[in-house]
There are 2 protein chains.
Amino acid sequence: MAAPEELFVLEGRPTAQLIADQLREQIIQGTFRPGEQINESVLATQLRTSRGPVREALQRLCQEGILISRRNRGVFVLELATADIKEIYAVRETVELAAADALLNEGRARVRATCEALKAVLRDMAKQVAVSDWQALARLDMDFHSTLVAGAGNTRLIRIYNTLAAESRMCILSLEVSYPRIDVLVQEHQNILDLLEEGDREGLHKAIKRHMEKGVEDLIATRQEAGNKP
Amino acid sequence: MAAPEELFVLEGRPTAQLIADQLREQIIQGTFRPGEQINESVLATQLRTSRGPVREALQRLCQEGILISRRNRGVFVLELATADIKEIYAVRETVELAAADALLNEGRARVRATCEALKAVLRDMAKQVAVSDWQALARLDMDFHSTLVAGAGNTRLIRIYNTLAAESRMCILSLEVSYPRIDVLVQEHQNILDLLEEGDREGLHKAIKRHMEKGVEDLIATRQEAGNKP
DNA sequence: CGACTGTAGATTGTCAACAATAAACGATCA
DNA sequence: TGATCGTTTATTGTTGACAATCTACAGTCG
């Protein structure tokens with residue numbers, strides 16, 4: 001009997017992780033607002049499950065840092081202050097620079113494979129720019145960077161970055177008005193891709209740093225316009 | 001009535017975290033060996049609690065990466081391969097370099113405060129060298145580096161590093177024979193401290209890189225002698 | 001003798017009921 | 001009128017029982 005590509009995997013993954021993934025996406029997309037409380041019981045009822053798995057999922061997200069737990073009070077969606085934005089982007093810059101370096105040291109084959117993946121992301125991004133789907137753009141923006149980091153092949157670096165990516169999407173979301181400079185969004189990422197493909201280490205470093213600086217500036221500027229927390 | 005420094009905080013922290021902390025320390029110290037299975041029920045019985053909190057604690061350590069969970073099989077203590085060691089030290093180097101940079105940018109006051117904390121750690125380290133307490137030395141080694149990273153004041157960086165520190169202690173432990181080059185252990189850290197105090201950014205970078213390189217070399221060399229996993 | 005199948009044991013995964021805790025409200029007293 | 005102290009209520013923290021799942025072993029059939 002010929003083996004089928006993938007036999008219908010009957011809920012192969014742990015339930016708690018399914019819940020966590022779903023919840024994370026909802027938080028990042030703004031279904032739950034920053035500061036909002038998440039009730040275990042009602043969530044369990046909605047998901048047709050018991051509090052056990054829900055509790056596990058919530059705890060997981062707490063450890064990721066996008067929820068905060070107050071003992072005997074409940075879990076709440078993280079509220080990001082300006083200091084958090086600076087922190088997140090500072091660490092992102094560090095991780096991405098390290099990943100870029102490591103990737104370039106891995107050799108051309110690895111670089112080329114990563115570039116192909118990045119190009120696919122950029123194609124999707126261009127499509128979404130055309131229809132101005134902010135949610136999708138925020139996701140693809142992070143996909144691009146996550147893919148870049150993944151190229152380095154360091155599993156711990158990847159794990160660290162995924163958390164940062166989730167937090168970044170929360171930052172972007174909290175603006176609501178979303179991306180300024182949408183016109184240069186694809187262009188900036190394309191620039192990073194080109195420099196990577198050329199193997200221009202120095203240029204790549206500068207581009208990533210500049211990209212992050214701009215990101216922080218935009219976020220903080222837009223936030224101050226909105227009169228949000230300092 | 002004068003307020004006492006700290007009124008006996010009656011189990012103020014969540015139980016699961018207490019269990020997780022205790023368990024983490026035991027794993028790092030080698031009470032549980034790499035690859036060993038940890039049974040929820042028996043652990044719950046030993047701790048005079050139920051499986052719920054234990055389960056939460058285990059999940060937490062899974063997410064930290066020092067335990068791995070296999071669905072319907074159980075959780076096992078992480079077994080570190082040589083590739084893991086390289087990964088861990090590569091990320092540690094990245095994080096520490098970033099932290100050192102950030103710290104130097106924070107200004108002299110912050111640097112001086114951090115140096116004081118580091119000196120205290122070094123004093124303890126010298127004491128333990130005298131009595132050759134390997135466990136304590138491994139802990140103090142990591143304390144030194146964690147303190148350095150903490151000096152930068154980036155909470156996310158600190159959280160990331162703490163996990164790496166735990167994994168590093170597992171690496172060191174797995175050698176069992178423990179630290180080679182004990183004579184230069186204090187000296188190397190003192191060197192890093194001196195360069196930080198002088199504000200010698202370039203020298204500090206080089207020292208940290210060299211420190212990490214040596215660490216990996218020692219670990220891998222000792223491991224190969226022991227004929228362990230490649 | 002080898003491969004397959006069915007059963008047994010152990011372990012995690014899930015659940016619903018119970019207990020503990022903290023904030024919010026309202027009553028009581030100076 | 002103001003503050004303090006019980007009471008209420010909603011929520012999480014904890015527990016023990018039950019169900020689902022995996023591995024290992026033994027029995028059976030070719």
Side-chain angles (χ1 to χ4, degrees), chain A residues 1-3 6-23 26-27 32-79, chain B residues 1 3 6-23 27 32-79:
Chain A
M1 197 200 298
E6 188 169 350
L7 220 42
F8 42 92
V9 181
L10 193 48
E11 298 286 346
R13 289 190 307 176
T15 313
Q17 185 159 340
L18 286 170
I19 299 173
D21 291 343
Q22 185 179 339
L23 209 53
Q26 283 185 314
I27 290 167
F32 295 97
R33 292 290 181 75
E36 186 175 342
Q37 182 169 13
I38 295 182
N39 187 304
E40 289 182 6
S41 306
V42 305
L43 192 59
T45 308
Q46 287 173 354
L47 296 174
R48 307 290 177 81
T49 180
S50 77
R51 278 179 53 210
V54 170
R55 194 179 166 75
E56 248 175 67
L58 291 178
Q59 196 211 344
R60 205 171 283 217
L61 297 178
C62 283
Q63 207 157 347
E64 285 182 19
I66 68 178
L67 293 180
I68 58 172
S69 168
R70 277 186 264 174
R71 182 174 170 87
N72 287 318
R73 288 297 313 280
V75 298
F76 302 81
V77 179
L78 179 68
E79 292 183 275
Chain B
M1 196 198 300
E6 189 169 350
L7 220 41
F8 43 91
V9 181
L10 193 48
E11 299 286 346
R13 289 188 307 178
T15 312
Q17 185 158 340
L18 286 169
I19 298 173
D21 291 343
Q22 186 178 339
L23 209 53
I27 291 167
F32 295 97
R33 292 291 180 74
E36 185 176 343
Q37 182 168 14
I38 296 182
N39 187 305
E40 290 182 4
S41 307
V42 305
L43 192 59
T45 307
Q46 287 173 352
L47 296 173
R48 306 290 177 82
T49 180
S50 77
R51 277 180 54 211
V54 170
R55 196 178 165 74
E56 253 177 60
L58 291 177
Q59 195 211 346
R60 205 172 282 217
L61 297 178
C62 283
Q63 207 158 347
E64 284 183 22
I66 69 177
L67 294 181
I68 58 172
S69 167
R70 278 186 265 174
R71 184 175 170 86
N72 289 318
R73 287 299 313 281
V75 298
F76 303 82
V77 179
L78 179 67
E79 291 184 276

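Letters A, B, ... mirror the listed sequences (proteins, then strands); counts begin at 1. Since this is a predicted model, take the numbers as computed values, not measurements.
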Inset, instruction - For residues B:L67 and B:V77, determine if any side-chain heavy atom of one lies less than 4.5 Å from a side-chain heavy atom of the other. - result: yes
Inset, instruction - Calculate the interatomic distance between B:L47 atom CG and D:dG13 atom P; express it in whole Å. - result: 18 Å
Inset, instruction - Classify the side-chain pair B:R73/B:Q37 by whether it contains a donor and acceptor separated by less than 3.5 Å. - result: no
Inset, instruction - Indicate, with a heavy-atom threshold strictly under 4.0 Å, whether B:I38 touches base, sugar-phosphate, or nothing. - result: sugar-phosphate
Legend entry - Nucleotide C:dT11, atom C1' - distance to CD of B:Q37 in whole Å: 7 Å
Inset, instruction - Please round to the nearest 0.5 Å and tell me the distance separating atom CG of B:N39 and atom OG1 of B:T45. - result: 8.5 Å
Inset, instruction - Taking only the side-chain heavy atoms of A:R55 (C-beta and beyond), determine which of C:dT14, C:dT12, D:dT14 contains the nearest atom. - result: D:dT14
Inset, instruction - Round to a whole Å and report the spacing from CZ of A:R60 to C1' of C:dG13. - result: 13 Å
Inset, instruction - To the nearest Å, give me how far apart CZ (B:R71) and P (C:dT11) are. - result: 18 Å
Legend entry - Phosphate-side-chain proximity, B:N39 and C:dA10, N/O vs OP1/OP2 below 4.0 Å: no
Legend entry - Distance in angstrom units between A:Q17 CD and C:dT14 C1', rounded: 17 Å
Legend entry - Distance-only donor-acceptor test, B:R51 side-chain atoms vs C:dG13 base atoms, 3.5 Å: yes
Legend entry - Touch class at under 4.0 angstrom, heavy-atom based, for B:G52 against every strand present: base
Legend entry - Residue whose closest nucleotide on DNA chain C lies nearer the 5' end, B:R70 versus A:N72: B:R70
Inset, instruction - Tell me what B:S69 touches on the nucleic acid: a base, only sugar-phosphate, or nothing, going by heavy atoms under 4.0 Å. - result: nothing
Inset, instruction - Quickly work out the A:F76 CZ to C:dA22 P distance and round it to whole Å. - result: 14 Å
Legend entry - Nucleotide nearest A:E40 when distance is taken to its side chain, options C:dA16, D:dT14, D:dG13: D:dG13
Legend entry - Side-chain N,O (A:R73) to OP1/OP2 (C:dA23) below 4.0 Å: yes
Legend entry - Nucleotide of D:dT15, D:dG13, C:dG13 approaching B:S50 most closely (side-chain heavy atoms): D:dT15
Legend entry - Nearest-0.5 Å distance, CD1 of residue A:I27 to CD of residue A:Q22: 11.0 Å
Inset, instruction - Rounded off to whole Å, could you give me the CG-to-P distance for the B:L43 and C:dT12 pair? - result: 10 Å
Inset, instruction - May I ask you to evaluate whether A:T49 reaches the phosphate of C:dC15, defined as a side-chain N or O under 4.0 Å from OP1 or OP2? - result: yes
Inset, instruction - Taking all non-hydrogen atoms of both residues into account, name the closest pair between B:E40 and B:L58 and its distance. - result: CG-CD1, 3.6 Å
Legend entry - Rounded interatomic separation in angstrom, taking CD from B:Q59 and P from C:dG13: 10 Å
